[in-house]
Amino acid sequence: MHKAIIKSTVTAENLFGKEKSRDEVINELKAMPDTYATFLELTEEMQEQAVSFLMGKRSVEILYDNFFQKIFNPEIHQERVERLISALIGEKVRIKQILSRKGSQLTERGSMVIMDIIVELEDGSFVDVEIQKIGYRFPSQRSSCYVSDMIM
């Protein structure tokens, strides 16, 4: 029996809702007095991050949060990390090697590597998965480092 596959276009709007203006976000917060009071207790920087998130202008920075790093530490919870990456890319992966993060901050303002692992995809190919707090300013040059890590 043949089943028709219906594909729909996935957009940020149909995943997260319509983008909102700053005024709309503030008005929604004010409509919830307890929430708005808590919002006002935040530092100005944290308020700006929250408003930007609620406007749909930025994401939550969970990948380098200390909580995330404990929950998804590949040395302790390998299966969790494998399931997370598999869900994100839509293909089952298996961690083959956890690369050292020692010396992972290249410059004072440079990248801060949160996780660097080699995973194997279902087809047998290998991929270097790296999560960074601050992205490298020279990603094309890093490709040779990734290949070297994988060969070693």
Where do [X] and [Y] come nearest, in terms of heavy atoms and distance?
X   : Y   : answer
E28 : K20 : OE1-NZ, 2.9 Å
M55 : V25 : CG-CG2, 3.6 Å
V81 : F72 : CG2-O, 3.2 Å
H77 : I71 : CD2-O, 3.4 Å

State the [atom1]-[atom2] distance between [X] and [Y], to the nearest 0.5 angstrom.
X    : Y   : atom1 : atom2 : result
R22  : L54 : CZ    : CG    : 10.5 Å
Q78  : R83 : CD    : CZ    : 11.5 Å
E120 : R94 : CD    : CZ    : 8.0 Å
I95  : R80 : CD1   : CZ    : 12.5 Å

Check for a donor-acceptor pair, side chain of [X] on one end and backbone N or O of [Y] on the other, with a separation under 3.5 Å.
X    : Y   : answer
Q47  : F39 : yes
E122 : E91 : no
S86  : E82 : yes

(message) Less than 4.5 Å apart, side chain to side chain, heavy atoms only: is that true for I117 and I85?
(response) yes

(request) Would you check if E45 and E48 make a side-chain contact, meaning some heavy-atom pair closer than 4.5 Å? (result)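 E45 vs E48: side chains apart.
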
(message) For M46, I'd like to know if atom CE has over 12 heavy atoms of other residues, nucleotides or ligands within 6.0 Å.
(response) no

(message) Is it true that, when you exclude E79 itself, more than 12 heavy atoms of the residues, nucleotides or ligands shown sit nearer than 6.0 Å to its CD?
(response) yes

(message) Checking L121 against I89 for the side chain to side chain contact (heavy atoms under 4.5 Å, CB included) test, could you report, in this order, the C-alpha distance in whole Å, the side-chain angles of both residues, the deciding distance, and whether it holds?
(response) CA-CA 10 Å; L121 303 179; I89 69 171; 3.9 Å; yes

(request) Ignoring hydrogens and angles, state whether a donor on the side chain of S125 or D123 is under 3.5 Å from an acceptor on the partner side chain. (result) yes

(request) Answer with yes or no whether the hydrophobic clustering places I76 together with I118; edges join I, L, V, M, F, W, Y residues whose side-chain heavy atoms lie under 4.5 Å apart. (result) no

(request) Give a yes or no on whether L40 and V51 share a hydrophobic cluster (residues Ile, Leu, Val, Met, Phe, Trp, Tyr; joining criterion: side-chain heavy atoms under 4.5 Å apart). (result) yes

